[in-house]
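Letters go in sequence order (proteins before strands), and every chain restarts at 1.
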Protein chains: 2
Amino acid sequence: MPTKTFFNLPEEKRQNLIDAALREFSRASLADASIANIIKDACIPRGSFYQYFEDKADLFFYILEEHSARNREQMMVLAIKHQGDLFTSSAEFFETTLHRYIHDERSETREFARNIFLNMNYKIEYKLILDVKNPTTRERIREFYRNYMGVIDTSGLNIQSEEELLHLIKILRAILIQNFIQFFAGEADEQEVLHSFRLELELLKRGLYTSKSNET
Amino acid sequence: MPTKTFFNLPEEKRQNLIDAALREFSRASLADASIANIIKDACIPRGSFYQYFEDKADLFFYILEEHSARNREQMMVLAIKHQGDLFTSSAEFFETTLHRYIHDERSETREFARNIFLNMNYKIEYKLILDVKNPTTRERIREFYRNYMGVIDTSGLNIQSEEELLHLIKILRAILIQNFIQFFAGEADEQEVLHSFRLELELLKRGLYTSKSNET
DNA sequence: TTGACACATGACACCGTGTCACATATAATT
DNA sequence: AATTATATGTGACACGGTGTCATGTGTCAA
């Protein structure tokens, strides 16, 4: 987490630093980005940077968290809007988020997202949900899931328990992220990836086994 | 790719270097590993390293590819063993691979796998299938899928086209990787993650929508 | 003996990181 | 006003890792 000092900074100076960081993290992944570039861009001395942040990753995850908070909120909003329909709200979340990434007036938004998704790993993925570095993370992850699962209407779903719902959500998230990645990797354009995601949701809904064994 | 010079090296010297690299990549992720450590461990001069490899990533992906080749072969073998049963062979692949990672006599095997999965990203994930840096990659990926899909018996699957099969395989791979990650992240032990993977396969097979709309 | 080629070597220039001693500002205390 | 405390600003610097390059060594063929 950024230090208290950082939050005491005048709004303009703070935003200036964040903007410079966003530009750098749009240009390069966390691994390739350099503090040197950020401070040169933001015109602050090296020492000051370390007065605000532990290191490069500290700043990166702070920005990522701000970005992710919007996504989480959006997921909740859409789940509520669609009366707890998990599939419909997930589809709309994917569509609107993809659209926002692509058509945002700031090109940094898209490039930042690209770097996030193409360099997505465990730490970053869970950051998209909740802060992993924070010691209370486990509890907060459980709480988010509890809230989100509370909103989901299970009456239309072919599941028998809370546990199964949790696994379903896990699967949906994996598919969602994979489609974002395929888009940013250039494997599919906007239309193709929308089609792909919708198709995969249909496969999930429909089920994939017909004959042979059909026991629990 | 390593240079011709590297492959001309006497077997022992080459293996020695690979072993040292494996130790370093077991200790640290690609980003955190250092060439300095590898050459110190392998007792070769710095200049020689650059005679064999372009950089750290070149060596890393070479080792990863060797490791991945076994996994791909295993997937094929199991698909054939189970007469093209996608779900059963995927389950056995997950079980045996997880077991191998955990109980391999060389602790490096497990630690290397941990670093792979916890730092899994687009580049690494597709490397687990085929070499991404190679210019002919796209074609080779298509070929692997063509072969693999050729082996799969679709008669027991509720799918209507080749396209749907491809998406199903994508979903399975995402779930498979996610469960490996959860294991290595310490979120679940061996038994739990086996249970988790099997449950998720059942959800897929069964399908998740009951009521409401059931149109295409 | 000479030249061509493949390979070996480690000193070095370069670059980014994180730290630290010192400077400055602001407010509280006497 | 003088003093002290506390928060913040600053950039030179030591450290460590990377990739290169000039030079050295070995081998084989002409």
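- Among the protein residues, Thr5(A) comes within range of the sugar-phosphate backbone only, with heavy atoms under 4.0 Å from sugar or phosphate atoms but none that close to a base.
- Closest approach to the Leu9(A) side chain among dG9(D), dT10(D), dT9(C) is made by dG9(D) (side chain taken as heavy atoms from C-beta onward).
- Counting heavy atoms from C-beta outward, Arg100(B) and Asn71(B) have side chains that approach closer than 4.5 Å.
- Rounded to an integer number of Å, the gap from Phe49(B) CZ to dG17(D) C1' is 12 Å.
- Along DNA chain C, the nucleotide nearest Gly47(B) and the nucleotide nearest Ile35(A) are compared for position; the residue whose nucleotide lies closer to the 5' end is Gly47(B).
- Classified by interplanar angle (parallel below 30°, tilted 30° to 60°, perpendicular above 60°), the ring pair Tyr52(A)/Phe6(A) is tilted.
- Backbone-only engagement by Lys13(A) is indicated by non-hydrogen atom pairs under 4.0 Å involving sugar-phosphate atoms exclusively.
- The shortest distance between the side-chain N/O atoms of Arg46(B) and the OP1/OP2 oxygens of dT18(D) is below 4.0 Å.
- Remark: Tyr52(A) is in phosphate contact with dG9(D), judged by side-chain N or O atoms under 4.0 Å from OP1 or OP2.
- At whole-Å resolution of the value, CG in Leu59(B) and P in dG19(D) are 12 Å apart.
- For dC7(C), the OP1/OP2 oxygens have a side-chain nitrogen or oxygen of Asn8(B) closer than 4.0 Å.
- The nearest whole Å value for the distance from the CG atom in Asp32(B) to the P atom in dT17(C) is 14 Å.
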What do the steps show when you test His99(B) against Phe93(B) for ring pair (Phe, Tyr, Trp, His ring centres under 6.0 Å), and what is the final call? CA-CA 10 Å; His99(B) 192 272; Phe93(B) 175 76; over 10 Å; no
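- Between the CD atom of Glu54(A) and the P atom of dT17(C) there is a distance of 15 Å, given to the nearest Å.
- Computed from coordinates, the Phe6(B) CZ to dA8(C) P distance equals 12 Å when rounded to whole Å.
- Between Phe53(B) and Tyr62(B), the ring-plane angle classifies as tilted under the 30° and 60° cut-offs.
- dG16(C) atom P lies 10 Å from atom CD1 of Ile39(A), rounded to whole Å.
- Protein atom CD1 of Ile44(A) is 13 Å distant from nucleotide atom C1' of dT8(D), rounded to whole Å.
- Among the protein residues, Ser48(A) comes within range of the nucleic acid bases, having at least one heavy atom under 4.0 Å from a base atom.
- Each of dG19(D), dT9(C), dT19(C) was ranked by its minimum atom distance to the side chain of Gln51(B); first place goes to dT9(C).
- Between the CG atom of Asn37(A) and the P atom of dC15(C) there is a distance of 12 Å, given to the nearest Å.
- Ring pair Phe180(B)/Phe184(B) is parallel by interplanar angle, where below 30° counts as parallel and above 60° as perpendicular.
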